Chemist: 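Quick one: structure below, then a few questions.
In what follows, residues are counted from 1 in the order of the sequence shown. This is a predicted model, so every value here is computed, not measured.
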Amino acid sequence: GNTLEDYLRILHRVPHNGAAAYMRVSSTVNSSRLSLVEKGTCEAIECQNQELVIKEQGLYLIFCNLNFHFPNCSKSPVDLKIELLVNDMVDRQTLSTLCASETCQDKTFKTLLHLHLTHLNKQDKISVTLNHPEFLNDVSLPNENVLGVLRYS
């Protein structure tokens, strides 16, 4: 369970108002903004290289699931910040301190889920940035890094 294919099957059964996107994301070289790398499903939403573009205004659930890998965990904490951008402005953010000395192991994995219910207008652009994109685990769990949007009536 809990694979990209499982979530796609669930999303196809969820009642929504004709607009849905569920895309795999990956870090890009020299950029904090995540890139959309694989088309999972994209209906009535424009899926571009680094952002989703809304085609109809309405109430939307935006979610982002990201898996992180810290191969050489240090004894000092790492503050990991995820920002959900709407039209290049921070609309929601999450800050998580990882790899503190009392929990540190040689290898540490962490999954963060980001949910946001908001009203969006036509042509609004949704994207995600990370302050430490180098820790995004797109090697051993690439399909667990997703950005999704569902429109409700």
Side-chain angles (χ1 to χ4, degrees), residues 1-70 77-100 108-153:
N2 296 341
T3 66
L4 179 68
E5 292 79 19
D6 293 333
Y7 287 125
L8 282 173
R9 279 191 293 277
I10 292 168
L11 286 175
H12 284 295
R13 287 185 247 142
V14 170
H16 57 85
N17 201 11
Y22 187 75
M23 304 288 290
R24 199 182 96 185
V25 294
S26 181
S27 59
T28 56
V29 178
N30 297 326
S31 176
S32 63
R33 192 173 300 229
L34 296 181
S35 176
L36 304 175
V37 295
E38 187 174 305
K39 194 173 201 176
T41 189
C42 198
E43 299 174 17
I45 293 175
E46 187 178 335
C47 298
Q48 297 181 351
N49 183 35
Q50 292 185 326
E51 57 195 13
L52 301 173
V53 181
I54 301 302
K55 291 187 177 180
E56 295 181 41
Q57 76 173 25
L59 183 64
Y60 286 83
L61 175 65
I62 304 168
F63 56 96
C64 185
N65 187 78
L66 300 174
N67 185 273
F68 299 93
H69 176 221
F70 300 88
V78 174
D79 290 328
L80 186 62
K81 183 165 64 169
I82 301 170
E83 293 179 330
L84 177 63
L85 307 176
V86 176
N87 299 322
D88 294 326
M89 296 182 58
V90 176
D91 203 50
R92 178 77 63 189
Q93 58 189 346
T94 299
L95 182 64
S96 183
T97 301
L98 304 171
C99 214
T108 301
F109 293 90
K110 180 75 173 173
T111 298
L112 296 176
L113 175 63
H114 202 64
L115 296 171
H116 185 43
L117 185 63
T118 189
H119 184 272
L120 295 173
N121 295 310
K122 186 176 182 177
Q123 296 303 311
D124 278 350
K125 298 175 182 175
I126 301 162
S127 58
V128 177
T129 63
L130 299 174
N131 65 332
H132 289 290
E134 69 273 16
F135 294 129
L136 188 67
N137 185 6
D138 48 9
V139 174
S140 58
L141 292 172
N143 292 336
E144 301 308 310
N145 301 315
V146 294
L147 173 63
V149 177
L150 286 175
R151 180 173 180 252
Y152 291 93
S153 54

Chemist: Just wondering, do Leu130 and Ser27 contact through their side chains at under 4.5 Å, heavy atoms?
Modeler: no
Chemist: The criterion is side chain to side chain donor-acceptor pair (under 3.5 Å); which residues satisfy it with Ser26, sequence neighbours excluded?
Modeler: Asp138
Chemist: Answer yes or no: is there a side-chain heavy-atom contact under 4.5 Å between Arg24 and Pro142?
Modeler: yes
Chemist: I would like to know whether His114 and Arg92 meet side chain to side chain contact (heavy atoms under 4.5 Å, CB included); could you show each step before the answer?
Modeler: CA-CA 9 Å; His114 202 64; Arg92 178 77 63 189; 3.4 Å; yes
Chemist: Taking side chain to side chain donor-acceptor pair (under 3.5 Å) as the test, write out the residues that go with Asn30, two or more places apart.
Modeler: none
Chemist: Excluding sequence neighbours, so at least two apart, what forms side chain to side chain contact (heavy atoms under 4.5 Å, CB included) with Leu113?
Modeler: Asn65, Leu115
Chemist: Excluding sequence neighbours, so at least two apart, what forms side chain to side chain donor-acceptor pair (under 3.5 Å) with Gln50?
Modeler: none
Chemist: Do you know the tightest heavy-atom contact between Ser32 and Pro133?
Modeler: CA-CG, 4.1 Å
Chemist: Can you name the salt bridge (charged side-chain N to carboxylate O under 4.0 Å, His left out) partners of Lys55, sequence neighbours left out?
Modeler: none
Chemist: List in chain and number order the residues that pass side chain to side chain donor-acceptor pair (under 3.5 Å) with Asn87, two or more places apart in sequence or in another chain; answer none if no residue qualifies.
Modeler: Asp124
Chemist: Look at the rings of Phe63 and Tyr22 and say which category their plane angle falls in: under 30° parallel, 30 to 60° tilted, over 60° perpendicular.
Modeler: tilted
Chemist: Are the side chains of Leu85 and Ile126 in touch, meaning some heavy atoms are under 4.5 Å apart?
Modeler: no
Chemist: Give, for atom OH of Tyr60 and atom CD1 of Ile45, the distance between the pair rounded to the nearest 0.5 Å.
Modeler: 5.5 Å
Chemist: If you define the side chain from C-beta out and look only at heavy atoms, does anything of Val25 sit under 4.5 Å from Val37?
Modeler: no
Chemist: Going by side-chain contact (heavy atoms from CB on, under 4.5 Å), Leu80 matches just one of Thr97, Leu136, Thr94, Asn131. Which one?
Modeler: Asn131
Chemist: Going through the checks in order, is the side chain to side chain contact (heavy atoms under 4.5 Å, CB included) test met by Phe68 and Val78?
Modeler: CA-CA 12 Å; Phe68 299 93; Val78 174; over 6 Å; no
Chemist: Between Thr118 and Leu59, is there a side-chain heavy-atom distance shorter than 4.5 Å?
Modeler: no
Chemist: First locate atom OG of Ser127, then atom CD of Gln48, and finally report the distance between them rounded to the nearest 0.5 Å.
Modeler: 10.5 Å
Chemist: Are the side chains of Met23 and Leu52 in touch, meaning some heavy atoms are under 4.5 Å apart?
Modeler: yes
Chemist: Do side-chain atoms of Asn145 reach the backbone of Asn67 as a donor and acceptor pair under 3.5 angstrom?
Modeler: yes
Chemist: Rounded to the nearest 0.5 Å, what separation is found between the NZ atom of Lys81 and the CD atom of Gln93?
Modeler: 5.5 Å
Chemist: Are Ile82 and Val128 side-chain neighbours, meaning at least one heavy-atom pair lies under 4.5 Å?
Modeler: yes
Chemist: For Gln123, check side chain to side chain contact (heavy atoms under 4.5 Å, CB included) against everything at least two apart and list the hits.
Modeler: Val53
Chemist: Heavy atoms, side chains only, cut-off 4.5 Å: are Asn49 and Ser35 in contact?
Modeler: yes
Chemist: Evaluate Arg33 against Thr129 for side chain to side chain donor-acceptor pair (under 3.5 Å), listing each step before the verdict.
Modeler: CA-CA 4 Å; Arg33 192 173 300 229; Thr129 63; over 6 Å; no
Chemist: Using atom types as modelled and distance alone, determine if a side-chain donor or acceptor of Arg151 lies under 3.5 Å from a backbone N or O of Ile54.
Modeler: no
